[in-house]
Chemist: 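Once you've had a glance at the structure underneath, I'll fire off some questions.
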Protein chains: 2
Amino acid sequence: MNTGDKTAGTTYTISQLAREFDVTTRAIRFYEDQGLLIPERVGRRRIYARRDRTRLKLILRGKRLGMTLGETRELFDLFDSSRDEARQLERFLRILGERRDILVQQQRDIEAVLHEINAAAAECERLLAEHAEPSPQDPAGPTVPA
Amino acid sequence: MNTGDKTAGTTYTISQLAREFDVTTRAIRFYEDQGLLIPERVGRRRIYARRDRTRLKLILRGKRLGMTLGETRELFDLFDSSRDEARQLERFLRILGERRDILVQQQRDIEAVLHEINAAAAECERLLAEHAEPSPQDPAGPTVPA
DNA sequence: AAACAGATTGACGTATACGTCAATCGACCG
DNA sequence: CGGTCGATTGACGTATACGTCAATCTGTTT
């Protein structure tokens, strides 16, 4: 019989995850301290399941977007929380909406910065072209024209 | 004659900027400590020009994107730096490219999170609809059908 | 059995980004 | 001329997110 089966599945050691996502084991343990990861234990050793791996991926994605671990944790808790009361569902929707507003603002910010970067890069390359060929009106440069 | 003219223009006090951008004066002074703002002085008082106001706007936009003040400062310095040597232009282009890569990655991350949020929100609203009307197959709910 | 690689648990240190007083100073107000 | 308001300068405190040892433990290999 299967009674007591832990539905084993793929598992990872802390250093496997550290290598895969290019973070230190110290960081991974810290995420556990903050309640973001809850690995199983075999003795004292941590065993990470796919769920933890997914969460780690989400943590790092959140960090790339400037989210604090606390904010990421709030979202994790939200997705874990029971979804049977209208009060909770409304709170859920409210927080999702707040996060969406932030993301949309970030999209606008990124667009703006990208435009400025592209403009600067374009002028930069124009100047570099001038350096290579001092003046298009003056072919008597220090470099051989052909 | 205009000799000695400081091209006065619009100026701001620290509290005006603080109000406009909803930050504390402490934060603005901290940005100055970090070399991001360089206001004029009248006696000991800081006088901010449009340039500083623009920079403050950029600082806050950077923060919304998770940039550190150091990274923002590097970009400021870059845009201020002389653009007459090929070495500098290439360095300029390299850093702009790195920042662009980060921004593009952030765009991808935002897309992913937005999709997940939208999916969760949609299911959330479906559940809320069920709460209001327990079951479409079972009109004998606690609420009056019509 | 000894050695070695990995993992764990403290514990303290560090960088970033301000918050929070306290004391002081200068300009205007009545 | 005392009071108040805004600004300034220290100086210390705080939250976040780990880094960096040191000591210990455990499993495996030789």
Side-chain angles (χ1 to χ4, degrees), chain A residues 8 10-49 52-53 55-77 99 102 106 109, chain B residues 10-49 52-53 55-77 98-99 102 106 109:
Chain A
T10 320
T11 61
Y12 313 85
T13 69
I14 193 167
S15 52
Q16 280 172 3
L17 288 183
R19 269 191 298 275
E20 177 174 0
F21 293 105
D22 193 32
V23 293
T24 64
T25 59
R26 176 68 179 89
I28 295 179
R29 289 197 196 92
F30 183 73
Y31 302 152
E32 182 179 347
D33 284 347
Q34 303 304 304
L36 291 163
L37 300 175
I38 306 116
E40 305 267 311
R41 296 285 184 131
V42 170
R44 319 174 70 174
R45 286 192 166 160
R46 295 171 174 82
I47 303 292
Y48 298 88
D52 298 303
R53 183 173 170 281
R55 281 196 170 213
L56 180 52
K57 202 184 295 185
L58 294 176
I59 292 168
L60 299 177
R61 196 173 66 183
K63 280 180 63 68
R64 287 196 299 271
L65 293 178
M67 288 175 63
T68 67
L69 297 180
E71 289 171 332
T72 299
R73 199 208 137 118
E74 186 186 24
L75 290 183
F76 283 177
D77 291 350
R99 179 56 51 187
I102 293 172
Q106 284 184 310
D109 288 331
Chain B
T10 321
T11 61
Y12 313 85
T13 70
I14 194 167
S15 53
Q16 279 172 3
L17 287 184
R19 270 192 297 275
E20 178 174 0
F21 293 105
D22 194 32
V23 294
T24 64
T25 59
R26 177 68 178 90
I28 295 178
R29 289 197 197 92
F30 184 72
Y31 301 151
E32 181 178 347
D33 284 347
Q34 303 304 304
L36 291 163
L37 300 176
I38 307 116
E40 304 267 312
R41 296 286 183 132
V42 170
R44 319 174 69 175
R45 287 192 168 160
R46 295 169 173 82
I47 302 293
Y48 297 89
D52 297 303
R53 183 173 170 280
R55 281 196 170 213
L56 180 52
K57 202 185 294 185
L58 294 176
I59 292 167
L60 299 177
R61 194 173 67 182
K63 281 181 62 70
R64 287 196 299 272
L65 293 178
M67 289 175 63
T68 68
L69 296 181
E71 290 170 332
T72 298
R73 200 208 138 121
E74 186 186 24
L75 289 183
F76 283 178
D77 291 350
E98 287 169 10
R99 179 56 51 187
I102 294 173
Q106 283 185 309
D109 288 331

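Note that the structure is predicted; figures quoted are calculated from it, not measured. Residue numbering restarts at 1 for every chain, and letters A, B, ... go by the order of the sequence lines.
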Chemist: Given C:dA17, is OP1 or OP2 found less than 4.0 Å from the side-chain N or O atoms of B:Tyr31?
Modeler: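 It does not, given that no N or O in the side chain of B:Tyr31 lies less than 4.0 Å from OP1 or OP2 of C:dA17.
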Chemist: In this structure, how many angstroms lie between the C1' atom of C:dA17 and the CG atom of B:Leu60, rounded?
Modeler: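 These atoms are roughly 13 Å apart.
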Chemist: Please classify the nucleic acid contact of B:Thr25 as base, sugar-phosphate, or nothing, using heavy-atom distances under 4.0 Å.
Modeler: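 Nothing: the residue B:Thr25, judged by heavy atoms under 4.0 Å, touches no strand.
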Chemist: Would you classify A:Arg29 as touching base, sugar-phosphate or nothing, given that sugar-phosphate means primed atoms plus P, OP1 and OP2, and contacts are heavy atoms under 4.0 Å?
Modeler: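 Counting heavy atoms under 4.0 Å across all strands, the contact made by A:Arg29 includes a base.
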Chemist: Below the 4.0 Å mark, does C:dG19 have OP1 or OP2 next to a side-chain nitrogen or oxygen of B:Thr24?
Modeler: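 Answer is yes, contact under 4.0 Å.
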Chemist: When you measure from the side chain of B:Ser15, which nucleotide among D:dT8, C:dA7, D:dG6 comes out closest?
Modeler: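 Output: D:dG6.
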Chemist: Ignoring hydrogens and geometry, is there a side-chain-to-backbone donor-acceptor pair from B:Glu71 to B:Thr68 under 3.5 Å?
Modeler: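 Such a contact is found between B:Glu71 side chain and B:Thr68 backbone.
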Chemist: Where each residue is assigned the nucleotide of DNA chain D containing its nearest heavy atom, which of A:Gln34 and B:Gln16 is assigned the position nearer the 5′ end?
Modeler: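 By nearest-heavy-atom nucleotide position, the 5'-most residue is B:Gln16.
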Chemist: Kindly indicate whether the side chain of B:Leu37, heavy atoms from C-beta on, has any atom under 4.5 Å from the side chain of B:Ile59.
Modeler: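 Of all side-chain heavy-atom pairs linking B:Ile59 with B:Leu37, at least one is under 4.5 Å.
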Chemist: Does B:Lys63 make a side-chain N or O approach to OP1 or OP2 of C:dC18 shorter than 4.0 Å?
Modeler: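 Answer is yes, contact under 4.0 Å.
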Chemist: Measure the distance from CE on B:Met67 to P on C:dA15 and round it to the nearest whole Å.
Modeler: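 Taking CE of B:Met67 and P of C:dA15, I get 21 Å after rounding.
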Chemist: Atom CD1 of A:Ile28 to atom C1' of D:dA17: distance rounded to whole Å?
Modeler: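 In whole Å, D:dA17 C1' and A:Ile28 CD1 are 14 Å from each other.
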Chemist: What integer distance in Å separates B:Arg19:CZ from D:dA7:C1'?
Modeler: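 About 12 Å, once rounded to whole Å.
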Chemist: Measure distances between side-chain N and O atoms of A:Arg26 and base N and O atoms of D:dT20, and say whether any donor-acceptor pair falls under 3.5 Å.
Modeler: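 Answer is yes: a donor-acceptor pair is held.
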Chemist: Just how far, in rounded Å, is P of D:dC18 from CG of A:Leu56?
Modeler: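 Distance, rounded to whole Å: 11 Å.
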Chemist: Once hydrogens and angles are ignored, does a donor-acceptor distance under 3.5 Å link the base of C:dT9 to the side chain of A:Arg44?
Modeler: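 Answer is no: no donor-acceptor pair is held.
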Chemist: What is the distance, rounded to the nearest whole Å, between atom CG of B:Asp33 and atom C1' of C:dG19?
Modeler: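 Atom CG in B:Asp33 sits about 14 Å away from atom C1' in C:dG19.
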Chemist: So, does B:Asp77 use its side chain to make a donor-acceptor pair with the main chain of B:Glu74 at under 3.5 Å?
Modeler: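 Not confirmed, B:Asp77 side chain does not pair with B:Glu74 backbone.
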Chemist: Rounded to the nearest Å, what distance is computed from the CZ atom of residue B:Arg45 to the P atom of nucleotide C:dG26?
Modeler: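 My rounded result for the distance is 10 Å.
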Chemist: For the pair A:Gln106 (side chain) and A:Leu65 (backbone), establish whether a donor and an acceptor sit closer than 3.5 Å, ignoring hydrogens and angles.
Modeler: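 At least one qualifying donor-acceptor pair exists.
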Chemist: Taking the side chain as everything from C-beta on, heavy atoms only, tell me whether B:Tyr48 gets closer than 4.5 Å to B:Leu56.
Modeler: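 Counting from C-beta outward, B:Tyr48 and B:Leu56 never come under 4.5 Å.
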Chemist: Any idea which of C:dA7, D:dA11, C:dT16 is nearest the A:Thr13 side chain?
Modeler: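 Per side-chain heavy atoms of A:Thr13, the pick is C:dA7.
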Chemist: Nearest whole angstrom, please: distance from the P of D:dT26 to the CZ of A:Arg46.
Modeler: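 It works out to 15 Å between those atoms.
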